[in-house]
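To start, the structure itself, in C-alpha cells.
When a ligand or atom number is given, it counts from 1 through the structure's own listing order. Side chains are part of it too, since the values below use all heavy atoms of this structure and drop only hydrogens, waters and symmetry mates.
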Amino acid sequence: MNIRKISVFAHELKVVNGPYVFSGGTLGALTTYLVKVEADNGLIGWGETCPLGPTYQPAHALGAEAGLREMAPKLLGTAALPRPAMALMDQSLDGHNYVKAAIDIALYDLLGKTTGQSVSTLLGGAIRPRIPSYYAISLMDPDPTAEIVREKQREGYIALQIKIGSGDVVKDAEVLRAAWDARAPGMALAADANRAMTTAETIQLSQLIRDLPIALEQPVRTMEEVVSLKGRLNHALYLDETTVDVATVLSAFGRDYCDGLGMKITRIGGLGNMAIVRDMAEARRAMISVDDSWGGNIIAAACVHMGATVRPNLFRGTWLAAPYIDHHYDPSGGIEIRNGWIDVPEGPGLGVTPDETLFGAPVLEV
Ligand code: 0XW
Ligand code: MG
C-alpha cells in the first residue's frame with residue numbers, strides 16, 4: 001500500500017464560548033491544517049495539526065503549511081505506513097514534529113481502515129470505552145475561577161487545569177486557593193503557567209500554596225530552569241511545552257526532572273511517538289494527559305484513541321478544544337465531551353469521516 005495523493009486544507013476555527021486566555025495570549029480564532037492521504041488501495045486517511053497561535057510553542061499555522069509543502073511531494077509513491085513515512089520525513093525535514101504529526105495521524109487512520117481496526121486497537125487496545133476529559137480554566141480572577149470550578153464539577157469533570165502566570169505570584173496563589181476551596185473531594189487540580197514564570201516565582205508560589213496538593217504544570221520556560229527546580233518545590237511538577245521530543249521525555253524521566261506530563265500528540269510527532277512516551281510514562285509510573293494544542297474532530301479522535309490505551313491510574317485526562325468550536329467535521333457526529341467524559345470513537349481508523357466540503361479548496365495537492 002503506497003501513498004498516491006496528499007491534499008492539504010486550511011480551515012479556520014473561530015473560538016466560541018471564549019475567549020481562551022493563557023499566559024501566551026488571548027485567542028479569538030485559529031487556523032487548523034487538515035491532511036488527506038489517499039493510498040493506492042483507494043482508501044483515505046485524515047490527519048490534523050493546529051498550533052495554538054504562534055506563542056504557545058515554536059510552531060505556527062503558516063509553518064505547518066510550509067512544512068507540508070516541503071515534505072508531501074517526497075512521500076508520494078512511498079509506503080503508506082507510519083514508521084517508514086516518519087523515517088522518510090525525518091530525512092526530508094529536520095524537526096517540525098507538529099507538521100509530521102498530521103501525516104502520521106493520517107497514516108494510522110489509513111492503516112486502521114485497511115486492516116479494519118480502530119486506531120486505539122492499532123496502539124495496543126483501548127483499556128476502557130470512554131475516558132475522562134479535563135477542562136482548562138482561562139487566566140482570570142479568583143471568584144470567577146471558583147465559579148467555573150463549581151460549574152465543571154456539576155457537569156461531571158473529575159480534573160481541572162487552572163491557568164496561572166499572570167505576572168503576580170500572590171494573585172496566582174489566590175486564584176489557586178479559591179479554586180481549591182471551591183472543589184469537591186476527588187477533583188484533581190493542576191496549575192499551568194505555560195512557561196510564564198521564573199524559577200524564583202515558581203518557588204515562591206510553591207511556598208504560598210504549600211498546603212494545597214495542586215500539581216504545577218510547566219511553570220518555567222526551559223529545561224535548564226526545570227532542572228534548577230528539582231528538589232526545591234512542595235508540589236508535583238508536570239512538563240508540557242519543554243517535552244519537545246521523545247529523547248527529552250526519556251531524559252526528563254531518567255533524570256527524575258518531573259512527575260508527569262501534559263502531552264500533546266502533534267508536539268511529540270504523532271501517535272507513534274506518543275505511544276513511546278505513553279510506555280515510558282507507564283514504566284516510570286508518571287501521570288500523563290493526552291491532549292493537543294487545538295483542533296477539531298480529527299485531532300480529537302487521535303487524542304481519545306491514544307488516551308484510551310493509557311492505564312487509568314496514570315491518566316490525567318484528555319483536553320479537547322471541542323467546547324470552543326461550533327461545528328463538527330463529521331456530519332454524523334464528532335467527538336463530544338459528555339458530563340466530563342468522552343466516548344472512544346467506534347469503527348476502523350479514527351472513526352471520524354470529515355465532510356471535505358467544509359474545508360474549501362485544498363491549499364496544496366500533490
Ligand atoms: C490546556 N491545553 C491542553 C490546551 C491549550 O492548547 C494549552 C494546553 C496546555 O496544557 O497548556
Ligand atoms: Mg500545559
Aromatic ring centroids of Y108 and H305 under 6.0 Å?
no
Before signing off on this row, confirm whether E241 and ligand 1 have an N or O atom pair separated by under 3.5 Å.
no
So, using side chain to side chain donor-acceptor pair (under 3.5 Å) as the criterion, who are the partners of Y134 when residues are at least two apart?
D291
Determine whether more than 12 heavy atoms belonging to other residues, nucleotides or ligands lie under 6.0 Å from atom CZ of R4.
yes
Under 4.0 Å between heavy atoms, the region of Y56 that gets near ligand 1 turns out to be side chain
Does S293 have a non-hydrogen atom less than 4.0 Å from ligand 1?
yes
Test item: E225 and M197 side chains (from C-beta on) under 4.5 Å apart, heavy atoms:
no
d(S251 OG, Y257 OH) to nearest 0.5 Å is 5.0 Å
Rounded at 0.5 Å granularity, tell me how far CE in M280 sits from CZ in F253.
7.0 Å
Mark the output for Y134 as yes if a heavy-atom distance to ligand 1 is under 4.0 Å, and as no if none is.
yes
Any residue meeting salt bridge (charged side-chain N to carboxylate O under 4.0 Å, His left out) with R285, in chain and number order, not counting sequence neighbours:
none
Sub-4.0 Å atoms of ligand 1 with respect to non-hydrogen atoms of W319:
3 (C), 4 (C)
Element-labelled atoms of ligand 1 that are located less than 4.0 Å from some non-hydrogen atom of D240
9 (C), 10 (O), 11 (O)
Partners passing side chain to side chain donor-acceptor pair (under 3.5 Å) against D141 (at least two apart in sequence or in another chain)
K171
Is any N or O atom of E217, backbone or side chain, closer than 3.5 Å to an N or O atom of ligand 1?
yes
Specify side chain, backbone, both or neither for Y20, according to which of its non-hydrogen atoms lie closer than 4.0 Å to ligand 1.
side chain
Check whether W180 forms a cation-pi arrangement with R177 (NZ or CZ under 6.0 Å from the six-membered ring centre, at most 45° off the ring normal).
no
Near the Mg ion (ligand 2), which protein N/O/S atoms fall under 2.8 Å?
D192 OD2, E217 OE2, D240 OD2
For D192, counting its heavy atoms only, list the atoms of ligand 1 lying under 4.0 Å from any of them.
9 (C), 10 (O), 11 (O)
Shortest protein heavy-atom distance from atom 1 (C) of ligand 1, along with the residue and atom involved
Q161 OE1, 3.2 Å
Could you pull out, from R195, M263, R316, K264, the option with a heavy atom nearest to atom 8 (C) of ligand 1?
K264
Go through ligand 1 atom by atom and flag the ones less than 4.0 Å from a non-hydrogen atom of L52.
5 (C), 6 (O), 7 (C)
Show the nearest heavy-atom pair for residues C50 and L13, with the distance to one decimal.
SG-CD1, 4.3 Å
Record the part of Y324 in heavy-atom contact with ligand 1 below 4.0 Å; permitted values are side chain, backbone, both and neither.
neither
Side chain proximity check, R316 to Y238, heavy atoms < 4.5 angstrom:
yes
Kindly check if the number of other-residue, nucleotide or ligand heavy atoms within 6.0 Å of CZ (R255) is above 12?
no
Yes or no: does K163 have any heavy atom under 4.0 Å from an atom of ligand 1?
yes
Run the ring-centre check on W294 versus Y56 and record whether the distance is less than 6.0 Å.
no
